[in-house]
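See below for the structure under consideration.
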Amino acid sequence: MVAPILSYEDLGLVQGEGWLFRNLDIHIGPRDRLALIGRNGAGKTTLLKCLAGQIDTDEGRRTIVPGKKVVLLEQDSRMGDHRTLEDWVLAGADSPAAHDAAAIATQLGIDLGRETATASGGERRRAAIVRALAQEPDVLMLDEPTNHLDLAAIDWLEDWLSRFNGAFVVISHDRTFLTRLTKSCLWLDRGTLRRAEIGFGGFDAWTERVYDEEIRAAEKLDAKLKLELHWLQRGVTARRRRNQGRLAKLNEMRAQRASMIGGPGVAKLGLVKDDTKTKTVIDAERVWKSYPLRPALTGAHAEPDEASLHTLRQAQGEREGAALGERDERRTIIRDFTLRIQRGDRIGIVGANGAGKTTLLKLLTGEIEPDHGTITRAKTLSGIVIDQQRKLMAPDKRVRDVLADGGDWIEVRGVKKHIKGYLKEFLFSPELTEAPVGSLSGGERSRLLLAREFARASNLLVLDEPTNDLDLETLDLLQEVIADYEGTVLLVSHDRDFLDRTVTITLGLDGSGKVDVVAGGYEDWAKRRSSPARGGGGRRSPEGSVTVAANAPPAAARKLSYKDQRDLDRLPAEIEKLEAAIAADEASLADPDLYTRDPKKFAALMDHIAKLRTDKEAAELRWLEVAEMAEGLGQ
């Protein structure tokens, strides 16, 4: 076994009135690639700072091999009064050499001469990466390194880290990033740190085994109360399995939309039936949008999408005057874009920073108007917008203030729910109702915001980089919410795995103004880009529509057992009955005076609802199991 270059033994830290974690032993080898995983609020960022030596712990002993350097890339870099990004990168005793910083900045496409006051989130993030990598660390601590980065920058960072000769510990919500790079997992859960010598690709299976072992141990001890404390963990495991079942449905929806999209460059969705237009919520016809190029080069943002100077210089000299009669030099953001979005579509928008993602989103939602072309929206369209510039909620407000204006009840899309039950749905402990927002982690605040916004009635959900600051379990929850949403979803994200799990159509922007329309997720768009002649890897039908890859030959004819077939047939009706029973009990709880008038009945209803939800979850999991068996048998 290789000797560690950084160790922390018996690490313990008090936070508030108790221990955040205690008796942790961590050993980092010279070439370790570690994913640090845990729920928002578990203390991941705090632990990373302890390892980096930035926090004095209450217990424990930190040792590092002499001469080895540890560098921390923080989630939010404070740039203070530094005038330019370069001033900040080169400031301090631990600053990198100027030529090393310049070399990495060139590769990342960031102009360090940019003033910090006007730098976008993506530019500030790239500058922070430049400062961290140029210091030539032996151990890198990376806290959400992909936040605010576009796909090209993420690819570059993945390549750099794959060639890095030192060790790194990374916190990230980006499953693809973690799967590609990590070889070991550190799991911080309820104050305990576990390590497994597996990459992130095996993390879900490992945690499910751990939870199953805990449940069996608790059952042997007849520890009903202990199991109740683990309701969150069991819910997470079940959610992952349900989401796997939803992927099959998502692929069906993608196949249907593929048959309605023409070949490359033909973005108009064809009509399968005469009544298709009645399902249209947004209809864009030959839309163009451009911005003056000159203001962008003097410091203002020509495109609200975090445009970098590097990208704009590449675009300099492009004129749209010949096509649109413009006299001034302009940068075309959206060029001749046509798309019909139907009710129930999940649209993912991808591309480099500055390519036009946010502009396209604003065009579709009506926040800005096109220079040419038309965009028609359904009169009944009612949207919720959750953008990447989330305003911080007042830290002195309580959770119940944010959710229910200080009350006990919240109206969730027309149905009254008690806030304690609703908090559980978003992976919060019910005891947090009185907690001040300021005591929550950044990820918990984002999750609270999602809980508040998703309660509103709507038929259009607009999400601009929703995955920033969220933990992996909340991403599973968000995937479930989007899958169950009855309206239309417009989603801008750099999270490749999340896009692959949620969207039916991907709109890809390359920075020239062209928008590719691809049925499927990020990987489908990536295949289209790498092999345009083959239309994204799909086969062409005689009519020119994209078809999905051929299915494998069916398995040899076999049948489900009698019990499995019976469960497959009966469980959908049983699930409906359980849902109806839950709705009836929730309707009884809607009486605002019930708790004060009859607290025993209130408690009994809450317990009964919890039991019904457990039964429903078990029925759903069993149905998914037999449905997958039936699909595998070709039934």
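Residue Asp585 comes nearest to Ile609 through the heavy atom pair CB-CG1, 3.4 Å, listed as atom of the first residue, atom of the second, then distance. Scanning both residues, Tyr291 and Ile333, for their nearest heavy atoms gives CD1-CG1, 3.4 Å. Heavy atoms only, all atoms of each residue included: Pro436 and Pro395 are closest at CB-O, 3.7 Å. Nearest heavy-atom pair across Pro370 and Val287 is CB-CG1, 3.6 Å.
Below 30°, between 30° and 60°, or above 60°: for Phe602 and Trp409 the angle between ring planes is above 60°, a perpendicular geometry.
Side-chain contact check for Glu574 versus Lys577: every heavy-atom pair is 4.5 Å or farther apart. Leu360 places none of its side-chain heavy atoms less than 4.5 Å from the side chain of Lys357. Side-chain contact between Val399 and Leu440 is present, with heavy atoms from C-beta onward closer than 4.5 Å.
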Dump the intermediate steps for side-chain contact (heavy atoms from CB on, under 4.5 Å) on Leu478 and Phe454, then the final yes or no.
-> CA-CA 10 Å; Leu478 185 57; Phe454 281 134; 3.6 Å; yes
Please step through side-chain contact (heavy atoms from CB on, under 4.5 Å) for the pair Ile334 and Leu363, ending with a clear verdict.
-> CA-CA 10 Å; Ile334 305 296; Leu363 285 167; 3.9 Å; yes
Carefully, step by step, assess Phe498 and Arg175 under the rule side-chain contact (heavy atoms from CB on, under 4.5 Å).
-> CA-CA 8 Å; Phe498 187 75; Arg175 291 175 179 270; over 6 Å; no
Working for side-chain contact (heavy atoms from CB on, under 4.5 Å), residues Phe337 and Leu364 | CA-CA 11 Å; Phe337 171 66; Leu364 293 174; 4.1 Å; yes
Start with the C-alpha gap between Lys289 and Glu367, add the side-chain angles, then the distance that decides, and say whether salt bridge (Lys or Arg N to Asp or Glu O under 4.0 Å) holds.
-> CA-CA 13 Å; Lys289 187 67 180 178; Glu367 188 173 337; over 6 Å; no
After noting the C-alpha distance and the side-chain angles of Arg496 and Glu158, does the key distance pass the salt bridge (Lys or Arg N to Asp or Glu O under 4.0 Å) rule?
-> CA-CA 13 Å; Arg496 297 153 292 181; Glu158 284 179 356; 2.6 Å; yes
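With sequence neighbours excluded, the residues that form a ring-ring contact (aromatic ring centres under 6.0 Å, His included) with Phe200 are Phe203. When the side chain to side chain contact (heavy atoms under 4.5 Å, CB included) test is applied to Val489, the partners found at least two apart in sequence or on another chain are Arg346, Leu461, Leu463, Ile482, Tyr485, Leu491. Annotation: side chain to side chain contact (heavy atoms under 4.5 Å, CB included) contacts of Asp76 (sequence neighbours excluded): none.
Using a 4.0 Å cut-off between a side-chain N of Lys or Arg and a carboxylate O of Asp or Glu, Glu434 and Arg400 qualify as a salt bridge. In summary, Arg613 and Glu425 engage in a salt bridge, as defined by a charged side-chain N under 4.0 Å from a carboxylate O.
Side-chain polar atoms of Ser493 and Asp495 form no donor-acceptor pair below 3.5 angstrom.
Not one N or O on the side chain of Asp464 forms a donor-acceptor pair closer than 3.5 Å with the backbone of Thr358. At least one donor-acceptor pair closer than 3.5 Å links the side chain of Thr338 to the backbone N or O of Arg286. Looking only at distances, a side-chain donor or acceptor of Asp524 sits under 3.5 Å from a matching main-chain atom of Gly521. In this structure a side-chain-to-backbone donor-acceptor pair under 3.5 Å is missing from Lys362 to Ile368. With hydrogens and angles disregarded, a donor-acceptor distance shorter than 3.5 Å links the side chain of Thr176 to the backbone of Asp497. A side-chain donor-acceptor contact under 3.5 Å links Thr506 to the backbone of Gly520. The backbone N or O of Thr380 sits less than 3.5 Å from a side-chain atom of Asn459, completing a donor-acceptor pair. Side-chain N or O atoms of Arg335 include none that pairs as donor or acceptor with a backbone N or O of Lys514 at under 3.5 Å. Ser120 places a side-chain N or O within donor-acceptor distance of the main-chain N or O of Glu123, the cut-off being under 3.5 Å. Remark: the backbone N or O of Ile347 is not paired with any side-chain donor or acceptor of Asp345 at under 3.5 angstrom.
In Arg570, the CZ atom is crowded: over 12 heavy atoms of neighbouring residues, nucleotides or ligands sit closer than 6.0 Å. Residue Glu486 places its CD atom among 12 or fewer non-hydrogen atoms of other residues, nucleotides or ligands, all under 6.0 Å distant.
Atom CG of Leu361 and atom CD1 of Ile349 lie 5.0 Å apart (nearest 0.5 Å). Atom CD1 in Ile505 sits 10.5 Å away from atom CG in Leu490 (nearest 0.5 Å). Between Leu432 atom CG and Arg398 atom CZ the span is 13.0 Å, to the nearest 0.5 Å. Note that the OG1 atom of Thr433 and the CG atom of Leu403 stand 9.5 Å from one another [nearest 0.5 Å]. To the nearest 0.5 Å, the span separating CZ on Arg445 from CG on Leu450 amounts to 14.5 Å. Atom CG of Asp396 and atom OG of Ser439 lie 11.5 Å apart (nearest 0.5 Å).
Put simply, the residue from Asp150, Asp174, Leu149, Val350 that forms a side chain to side chain contact (heavy atoms under 4.5 Å, CB included) with His494 is Asp174.
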